[in-house]
Amino acid sequence: MNMDRLVQLNNQAGGRDKIARLIQYASRAMWDSLETANSSPALVDNFKTIEYILSTFRKLLRFGKCVDVFYGTLKTIHYPDLTIRVTLTLSKLSQSLFLFADHFLWLARTGLTAVDAKRWSSLANKYWLFSIIMNLCRDFYEILRVLDLHRSGCKGGISRCRLPTSINSPEDFKRLALQSFVLMQGHKDIVVDTVKNVCDFFIPLTALGYTKLTPRTIGLLGAVSSLAGLWALLEPKAKLTPA
């Protein structure tokens, strides 16, 4: 990653948001780790403050973006592939509603108006969760398509091209690992998008109380997800399209 790409990334609103998100979730992992280790309360409070400030900053960066995301559905509803059309359109609609609810959370934090923050936070997380589920459905569909293309490309070819259906020896395991690595190298966009969505999945799930992950675990998942998002911005081949 060279300096020019970093400067270009920082000049993009999406890039600034993802950098801030990475530091925000890393700060959450840090303060929980320090708190568990009975470290200095002042240091723990510093990391909590950083997390809060960056969370609020990101909400401000996203203010009004719900309109842009909603407008983006006008393009996805005409996509020729039915599965991608449905999953992508529903994901964008949910994301738009998530951002709309998130705007009210920003207003609550600034004190500009009286808002039921707990109610809007719950709504925002529900919409975000549904958007991620749609993204994961699309990722699963893309993975199946890649495997189908791989199998059809191997028909009539040498047997070493095919993924082993069972592992009966170390050689089978090595061949499976090698073939899987080659497939992932050729489809970085699907791998990066799947990793990002799997990590994100547990964040609203925990916020809604369906899972009981620690702030440190949520922080690590958010940091990994943010790194995947940054990679997709910096490396065109790692960005799943249409998005």
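Residues: numbered from 1 along the sequence shown.
- L136 and Y127 fall within a single hydrophobic cluster, where Ile, Leu, Val, Met, Phe, Trp and Tyr are joined by side-chain heavy atoms under 4.5 Å apart, directly or via other members.
- Side-chain contact check for T73 versus T76: some heavy-atom pair is nearer than 4.5 Å.
- Shown here for L230 and G15, the closest heavy-atom pair between the two residues is CD2-O, 4.3 Å.
- A salt bridge links R62 with D102: the distance from a Lys NZ or Arg NE/NH1/NH2 to an Asp or Glu carboxylate oxygen falls below 4.0 Å.
- The shortest distance between side-chain heavy atoms of L93 and L97 does not fall below 4.5 Å.
- Two different hydrophobic clusters hold V67 and F98 under the rule that ILVMFWY side chains link at heavy-atom gaps under 4.5 Å.
- The CG atom of L221 lies 11.0 Å from the CG atom of L205; values are rounded to the nearest 0.5 Å.
- For the side-chain contact (heavy atoms from CB on, under 4.5 Å) test with L88, the passing option among M134, K75, R138 is R138; the others fail.
- Using modelled atom types, no side-chain atom of S27 and backbone atom of I50 make a donor-acceptor pair closer than 3.5 Å.
- From R28, atom CZ reaches atom CG of L220 across 11.0 Å, with rounding to the nearest 0.5 Å.
- With hydrogens and angles ignored, the 3.5 Å screen pairs a side-chain donor or acceptor of T87 with a backbone N or O of T83.
- Counting non-hydrogen atoms of neighbouring residues, nucleotides and ligands closer than 6.0 angstrom, the OH atom of Y79 exceeds 12 such neighbours.
- Contact detail for R216 and S33: the closest heavy-atom pair is CD-OG, 2.9 Å.
- The CH2 atom of W231 sits 5.5 Å away from atom NZ of K188, with the distance rounded to the nearest 0.5 Å.
- In this structure, L99 and C66 approach most closely via the heavy-atom pair CB-CB, 3.7 Å.
- Across every non-hydrogen atom of N197 and I132, the tightest pair is O-CG2, 3.4 Å.
- Because its NZ or CZ atom is not both nearer than 6.0 Å to the ring centre of F63 and within 45° of the ring axis, R58 does not count as a cation-pi partner of that residue.
- In this structure, CZ on R109 lies 12.0 Å from CG on L60, to the nearest 0.5 angstrom.
- Ring-centre distance between W120 and F104: below the 6.0 Å cut-off.
- Heavy-atom neighbours of F70 CZ from other residues, nucleotides or ligands within 6.0 Å: at or below the threshold of 12.
- Side-chain N or O atoms of T110 include one that pairs as donor or acceptor with a backbone N or O of W106 at under 3.5 Å.
- Here the straight-line distance linking atom CH2 of W31 with atom CG of D45 works out to 10.5 Å at 0.5 Å rounding.
- L90 and F201 end up in the same hydrophobic cluster when Ile, Leu, Val, Met, Phe, Trp and Tyr side chains are linked at under 4.5 Å.
- Residues I203 and Y25 come closest through the heavy atom pair CG2-OH, 3.7 Å.
- Judged by distance alone, the side chain of H103 and the main-chain N or O of G64 form a donor-acceptor pair under 3.5 Å.
- Note that NZ of K118 and CG of L105 are 13.5 Å apart. Values are rounded to the nearest 0.5 Å.
- In this structure a side-chain-to-backbone donor-acceptor pair under 3.5 Å is missing from T217 to L213.
- Taking the charged nitrogens against the carboxylate oxygens, K48 and E51 have no contact shorter than 4.0 Å, which rules out a salt bridge.
- Counting heavy atoms from C-beta outward, I84 and P242 have side chains that approach closer than 4.5 Å.
- Salt bridge D81/R145: present, at least one basic N to carboxylate O contact under 4.0 Å.
- T89 contributes a side-chain N or O that, together with a main-chain N or O of R85, makes up a donor-acceptor pair within less than 3.5 Å.
- Hydrophobic clustering, with ILVMFWY side chains joined whenever heavy atoms are under 4.5 angstrom apart, keeps V195 apart from V198.
- Formation of a donor-acceptor pair under 3.5 Å by the T56 side chain with backbone atoms of Y52 is found in this model.
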* **side-chain hydrogen bond (donor to acceptor under 3.5 Å, both in side chains) between R21 and S55, worked out** => CA-CA 7 Å; R21 188 179 192 266; S55 175; over 6 Å; no
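- Put simply, F100 and V115 are part of the same group of oily side chains (I, L, V, M, F, W, Y) that touch within less than 4.5 Å, one to the next.
- Counting heavy atoms from C-beta on, the side chains of S226 and K18 never come closer than 4.5 Å.
- T206 approaches F202 most closely through the heavy-atom pair OG1-O, 2.8 Å.
- Checking side-chain atoms of N125 against main-chain N and O of S121 turns up a donor-acceptor pair under 3.5 Å.
- Side-chain N or O atoms of T36 include one that pairs as donor or acceptor with a backbone N or O of D32 at under 3.5 Å.
- In this structure, the side chain of D189 does not engage the main chain of L240 through any donor-acceptor pair within 3.5 Å.
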